[in-house]
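Each remark here refers to the structure printed beneath this line.
In what follows, residues are counted from 1 in the order of the sequence shown. Model, not experiment: these values are computed from the prediction. For ligands, and for the atoms within them, numbers begin at 1 and follow the listed sequence.
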Amino acid sequence: MIKVGVIGYGYWGPNVARNFNLAGVSEVVAIADKSEKSQRRAQEAFPQVKVVGDAQEILNSAEIDVVAVVTPVWTHFELAKAALNHGKHVFVEKPFTASVAQAEELIELAARKRLQIMVDHTFLFTGAVRKIRQLVDEGTLGNLFYYDSMRVNLGLFQHDINVIWDLAPHDLSIMDHVIQKEPEAIVATGEKHLNNLVDIAFLTIYFPGNVVAHINVNWLSPVKVRTTLIGGEKKMVVWNDLEADEKIKIYDRGVEMTNRQGVYDLLVSYRSGDMWAPKIEQVEALKAELGYFVNCIMKNENPHNDGKAGLRVVRMLEAAEESLNLKGEAVYA
Ligand SMILES: NC(=O)c1ccc[n+]([C@@H]2O[C@H](COP(=O)([O-])OP(=O)(O)OC[C@H]3O[C@@H](n4cnc5c(N)ncnc54)[C@H](O)[C@@H]3O)[C@@H](O)[C@H]2O)c1
């Protein structure tokens with residue numbers, strides 16, 4: 001039985017604590033949170049579990065194998081580093097760290113200690129993203145043209161990070177998983193309006209082979225939108241994560257161009273075929289993710305959403321921040 005200690009029991013911590021209790025495989029034995037209110041909530045939800053105020057008690061505990069770091073991003077590095085130094089595998093919330101240098105240091109430390117890092121890129125474990133990845137891998141979409149995503153709603157305003165570091169890690173991790181290429185350059189624009197943190201931003205990411213991604217994140221939208229378009233040479237996908245049943249629609253639509261006798265004889269034909277909605281697996285993504293992590297630990301295998309995947313996302317976030325500060329100048333990878 002893998003024993004887990006959870007640090008941070010605010011908004012997301014309760015979900016991690018609940019889903020790490022996997023019958024016969026792993027169990028949460030301790031929860032730490034600085035806030036007394038959070039400690040009370042944790043103790044009510046998990047009467048059998050030891051609840052403490054100081055994370056050091058979890059780090060020092062000989063019985064704990066895995067530490068879950070579910071605290072604000074600026075604390076991830078110190079807590080994850082301490083956990084690795086105490087010989088624990090770590091599950092770290094997104095975004096992995098607050099800088100590329102921190103991510104690299106944790107990856108190196110974990111490798112040296114032969115410990116696993118998993119970064120919580122929860123969306124990769126949803127039925128929708130699994131299906132999209134399958135469509136790409138099986139070649140159903142053909143060569144990818146673009147990835148265009150909109151993740152907007154009113155709030156929740158954060159006080160320590162801007163909208164890019166808050167919302168874009170989701171899109172960047174999904175895009176990284178689907179496109180499976182390293183970006184060449186990033187352009188980011190945005191603006192702050194209320195609390196000196198950028199609250200609306202537009203990211204453009206250039207990949208080799210003319211693949212382009214666009215991500216729109218916004219805390220100031222009157223409505224919630226979670227829609228992604230993925231354009232491929234053969235098929236196109238519309239993923240609306242707010243749809244209850246038909247989250248993914250595949251369109252057999254596209255454009256074909258032939259240019260037989262020079263540039264003035266361009267033949268453009270539009271393909272407007274069927275649309276269908278494939279069956280999507282109904283799973284609790286976090287449960288699937290944590291089960292996979294425990295399995296990786298037992299088999300001593302690297303999860304695909306490991307420290308390196310976390311680093312790729314942090315590298316894009318850092319580049320986006322740099323571009324934003326330069327009012328949209330391209331930052332090359
Ligand atoms: N994967 C997802 O979908 C998802 C969703 C929401 C949040 N998150 C991530 O989870 C992390 C936490 O976000 P949140 O919204 O739960 O934040 P939160 O502010 O609601 O909760 C953080 C908790 O950590 C506690 N804490 C901070 N430093 C501590 C320390 N050193 N020792 C013990 N306790 C400490 C705080 O008291 C607080 O209760 C962030 O990295 C965020 O990006 C991920």
- prompt: Where do Phe77 and Phe96 land on the ring-ring contact (aromatic ring centres under 6.0 Å, His included) test, with the steps shown first?
  reply: CA-CA 8 Å; Phe77 174 69; Phe96 182 25; 9.1 Å; no
- prompt: Under 4.0 Å from ligand 1, counting heavy atoms only, is it the side chain of Thr71, its backbone, both or neither?
  reply: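 Near ligand 1, Thr71 shows its backbone as well as its side chain.
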task: Answer side chain, backbone, both or neither: which part of Ile7 comes under 4.0 Å from ligand 1, heavy atoms only.
output: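 For Ile7, the contact with ligand 1 is made by the side chain alone.
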Answer yes when [X] and [Y] have at least one side-chain N-carboxylate O distance shorter than 4.0 Å, and no when they do not.
{"X": "Arg315", "Y": "Glu104", "answer": "yes"}
{"X": "Arg133", "Y": "Glu138", "answer": "no"}
{"X": "Glu108", "Y": "Arg112", "answer": "yes"}
{"X": "Lys50", "Y": "Glu57", "answer": "yes"}
{"X": "Asp252", "Y": "Lys235", "answer": "yes"}
{"X": "Asp120", "Y": "Lys94", "answer": "no"}

Results of salt bridge (charged side-chain N to carboxylate O under 4.0 Å, His left out) for Glu78 - residues two or more places apart only: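 Scan of Glu78 (salt bridge (charged side-chain N to carboxylate O under 4.0 Å, His left out), adjacent residues dropped) gives none.
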For [atom], grab the closest protein heavy atom and report residue, atom and distance to one decimal in Å.
{"atom": "atom 19 (O) of ligand 1", "value": "Pro72 CG, 4.5 Å"}
{"atom": "atom 42 (C) of ligand 1", "value": "Lys94 O, 3.6 Å"}
{"atom": "atom 16 (O) of ligand 1", "value": "Trp12 N, 2.8 Å"}
{"atom": "atom 31 (N) of ligand 1", "value": "Lys34 CE, 3.6 Å"}

message: Per the ring pair (Phe, Tyr, Trp, His ring centres under 6.0 Å) rule, what does the pair list look like for residues 176-216, sequence neighbours excluded?
response: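 For residues 176-216: His177-His304.
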Interfacing atoms of ligand 1 (cut-off 4.0 Å, heavy-atom, [X]):
{"X": "Ser38", "answer": "39 (O)"}
{"X": "Thr122", "answer": "1 (N), 2 (C), 3 (O)"}
{"X": "His76", "answer": "41 (O)"}
{"X": "Glu93", "answer": "1 (N), 4 (C), 8 (N), 9 (C), 10 (O), 11 (C), 41 (O), 44 (C)"}
{"X": "Asp120", "answer": "1 (N)"}

field: Identity of the nearest option to atom 21 (O) of ligand 1, non-hydrogen atoms only, from Gly10, Gly8, Gly13
entry: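 Selected option, by shortest heavy-atom distance: Gly10.
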Heavy-atom nearest option to atom 14 (P) of ligand 1, drawn from Trp165, Phe123, Tyr11, Phe96: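 Of the listed residues, Tyr11 has the closest heavy atom.
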query: Touching ligand 1 at all, His121? Heavy atoms, strictly under 4.0 Å?
result: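 Judged by the 4.0 Å heavy-atom criterion, His121 does not count as contacting ligand 1.
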query: Looking only at heavy atoms of His170, does any of them come nearer than 4.0 Å to an atom of ligand 1?
result: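 His170: in contact with ligand 1 (<4.0 Å).
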N or O contact, Asp33 vs ligand 1, cut-off under 3.5 Å: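 By distance alone, the answer is yes.
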query: Within 45° of the six-membered ring axis of Phe123 and under 6.0 Å from that ring's centre, is NZ or CZ of Arg151 located there?
result: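 The answer is yes, since Arg151 meets both limits relative to Phe123.
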task: Take atom CG of Leu156 as the centre, draw a 6.0 Å sphere, and report whether it contains more than 12 heavy atoms from other residues, nucleotides or ligands.
output: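 Not buried by this count: 12 neighbours or fewer within 6.0 Å.
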message: Does the protein place a non-hydrogen atom closer than 4.0 angstrom to atom 10 (O) of ligand 1?
response: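 Looking at atom 10 (O) of ligand 1, one finds that a protein heavy atom does lie closer than 4.0 Å.
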